[in-house]
2 protein chains.
Amino acid sequence: MYTLSEENYLKAIYRLSQDEGKITPTAIAESLGNNPASVVDMIRKLSEKQLIEYDKKKGVELTQQGQKDAVLIVRRHRLWEVFLLEKLGYHWDEIHDIAEELEHINNDTLADRLDKFLGFPEYDPHGDPIPKANGKMAKPYSVTLAAMKTGSTCRVAAVRDTSSAFLQYLLKLNIGIGTQIQLVEKITFDNSLVISINGKDHTTVSQKFGENILVE
Amino acid sequence: MYTLSEENYLKAIYRLSQDEGKITPTAIAESLGNNPASVVDMIRKLSEKQLIEYDKKKGVELTQQGQKDAVLIVRRHRLWEVFLLEKLGYHWDEIHDIAEELEHINNDTLADRLDKFLGFPEYDPHGDPIPKANGKMAKPYSVTLAAMKTGSTCRVAAVRDTSSAFLQYLLKLNIGIGTQIQLVEKITFDNSLVISINGKDHTTVSQKFGENILVE
DNA sequence: AAATAAAATTAGTCTTGACTAATTATATTT
DNA sequence: AAATATAATTAGTCAAGACTAATTTTATTT
Ligand SMILES: [Mn+2]
Ligand SMILES: [Mn+2]
Ligand SMILES: [Mn+2]
Ligand SMILES: [Mn+2]
């Protein structure tokens, strides 16, 4: 089907298409850690294959085919993450890099069998929705902890940042998907948040922290 | 660690080292479906990396390091085959190609976790022994059905040929690992074998067939 | 031993997917 | 509107890993 690089580009472009604003070569380059010149080459290649369209005004956009294929890569990625966490006992800060490789293994029925084996999970270990075989998936969570009203209580639904630095920090704070968090106070000086984790003692976290936790 | 190609060469050389006789560039080329000229390039590369030694007289030999690394690739391959068959429900003729890709995914603890998850299997679905984390493994089966005495009964322990053509044929004949086979008669004309499968009706198979079934 | 066949090697080419450096196009300031 | 900064693109290079075609080496026949 596609090369490793093509798939990684497709997925990167898909990820960027979730944010608002146009997708520039520079943005793709940054997200992959590549040089913009290399990105321009690949944009040409993927355009020829009709997976994307590039217009200086509109930036890069996935075609229907490109979108479909990208979503299937995301599906594989997230299913493998569930496998690594639930079946092999990895922690949520260790699974992304391995899934990054597993996602490229393609076989007619592999993803579907894995899906079935895992019990058709709806969300991956970071709270991201797992696309179904037909490409449909639940709407991603979007309300951040930072946006909650003081005094309100919520449940951690997903993390926006999936760097191991952040995930390990959460592990240390005993915060995971499903954790109850009460927003006790917002410090007006720097928007730091005083929170209570699972009804326990108060902890203070930064605004940046609060913006990377998605709640419901 | 190593590139995909380096790993595939290492594994191919390891496989060839199980047979007797010296390992030539041509033999490696055939086993990988590559051109001998390409093999010569890679022999140079792997020699520089001290994974093999090449001597026109002795042919290609794995160094200790090369042997160790090759065995770990084989370990991953066979563990994934068990996973695909037992957990995802694939048939034994479908798993090799997928494992061929999965084997290259490396991560400190992935193979060991998979091993544990699978219950530390001793043999893969084709009856090949699975190397342990330390590189040790059971001795492969070596007695062929064709070498059995007429009248004797044995148990299928492994298959030598793992092509899907052969495996599907076995599937059709209802022969798998563990199947009881009685060698009823050897046809002297062409060494065809008349066998009884699991005590059922007699079937005739070729000599080549008998040489690709390993029994105990 | 010479002739022939087969295997190994070399030399040169190609594709993929990166890179750097230079150039051109587009935005942003002044 | 110029000047300047940033972004995009082009041109040229490189390494990996494959290939073909030509040559050299080694084995096998006659
Ligand atoms: Mn990837
Ligand atoms: Mn994830
Ligand atoms: Mn392989
Ligand atoms: Mn096998």
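Sequence lines set the chain letters: A, B, ... in the order given, protein chains first and strands last, and positions in each chain run from 1.
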N/O-N/O pairs, protein side and nucleotides 20-24 of chain D side, under 3.5 Å:
residue: D:dT20; atom: OP2; partner: B:Asn35; partner atom: ND2; Å: 3.0

With sequence neighbours left out, which residue pairs that include part of residues 203-216 of chain B fulfil the side chain to side chain donor-acceptor pair (under 3.5 Å) condition?
B:Arg155-B:Glu216, B:Gln207-B:Glu211
Return each pair, listed once, that meets side chain to side chain donor-acceptor pair (under 3.5 Å) where at least one residue sits in residues 52-64 of chain A; pairs must be two or more places apart or across chains.
none
Nearest-Å distance, [atom1] ([X]) to [atom2] ([N])?
{"X": "B:Asp41", "N": "C:dT9", "atom1": "CG", "atom2": "C1'", "result": "10 Å"}
{"X": "A:Met42", "N": "D:dT10", "atom1": "CE", "atom2": "P", "result": "17 Å"}
{"X": "A:Asn34", "N": "C:dA18", "atom1": "CG", "atom2": "P", "result": "5 Å"}
{"X": "A:Ile43", "N": "C:dA18", "atom1": "CD1", "atom2": "C1'", "result": "15 Å"}
{"X": "A:Lys22", "N": "C:dT26", "atom1": "NZ", "atom2": "P", "result": "10 Å"}
{"X": "B:Arg44", "N": "C:dT9", "atom1": "CZ", "atom2": "P", "result": "8 Å"}

For A:His96 and A:His77, take the angle between the two ring planes, folded into 0 to 90°, and tell me which bin it lands in: parallel under 30, tilted 30 to 60, perpendicular over 60.
tilted
How are the rings of B:Phe83 and A:Trp80 set to each other: parallel, tilted or perpendicular (split at 30° and 60°)?
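Ring orientation, 0 to 90° scale: tilted.
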Sorted by number, residues from residues 65-74 of chain B placing a heavy atom under 4.0 Å from DNA chain D are none
Proximity to DNA chain D (any heavy atom under 4.0 Å), residues of residues 4-18 of chain B only
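Result for residues 4-18 of chain B: B:Ser5, B:Tyr9, sorted by number.
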Would you give the length of the straight line joining atom [atom1] of [X] to atom [atom2] of [Y], rounded to the nearest 0.5 angstrom?
{"X": "A:Arg160", "Y": "A:Leu145", "atom1": "CZ", "atom2": "CG", "value": "12.0 Å"}
{"X": "B:Leu118", "Y": "B:Asp124", "atom1": "CG", "atom2": "CG", "value": "11.5 Å"}
{"X": "B:Thr162", "Y": "B:Phe166", "atom1": "OG1", "atom2": "CZ", "value": "10.0 Å"}

So does [X] pair up with [Y], basic N to acidic O under 4.0 Å?
{"X": "B:Arg75", "Y": "B:Asp69", "result": "no"}
{"X": "A:Glu7", "Y": "A:Arg76", "result": "yes"}
{"X": "B:Lys49", "Y": "B:Glu6", "result": "yes"}
{"X": "A:Glu100", "Y": "A:Lys11", "result": "yes"}

Can a donor-acceptor pair be found, under 3.5 Å and without considering hydrogens, that links the side chain of A:Lys186 to the backbone of A:Ala146?
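Between the backbone of A:Ala146 and the side chain of A:Lys186 there is a qualifying donor-acceptor contact (under 3.5 Å).
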Using a strict heavy-atom distance below 4.0 Å, which residues from residues 53-63 of chain A are in contact with DNA chain C?
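Within this stretch, nothing sits under 4.0 Å of the strand.
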Hydrogens and angles aside, do B:Tyr90 and A:Asn107 bring a side-chain donor and acceptor to less than 3.5 Å of each other?
yes
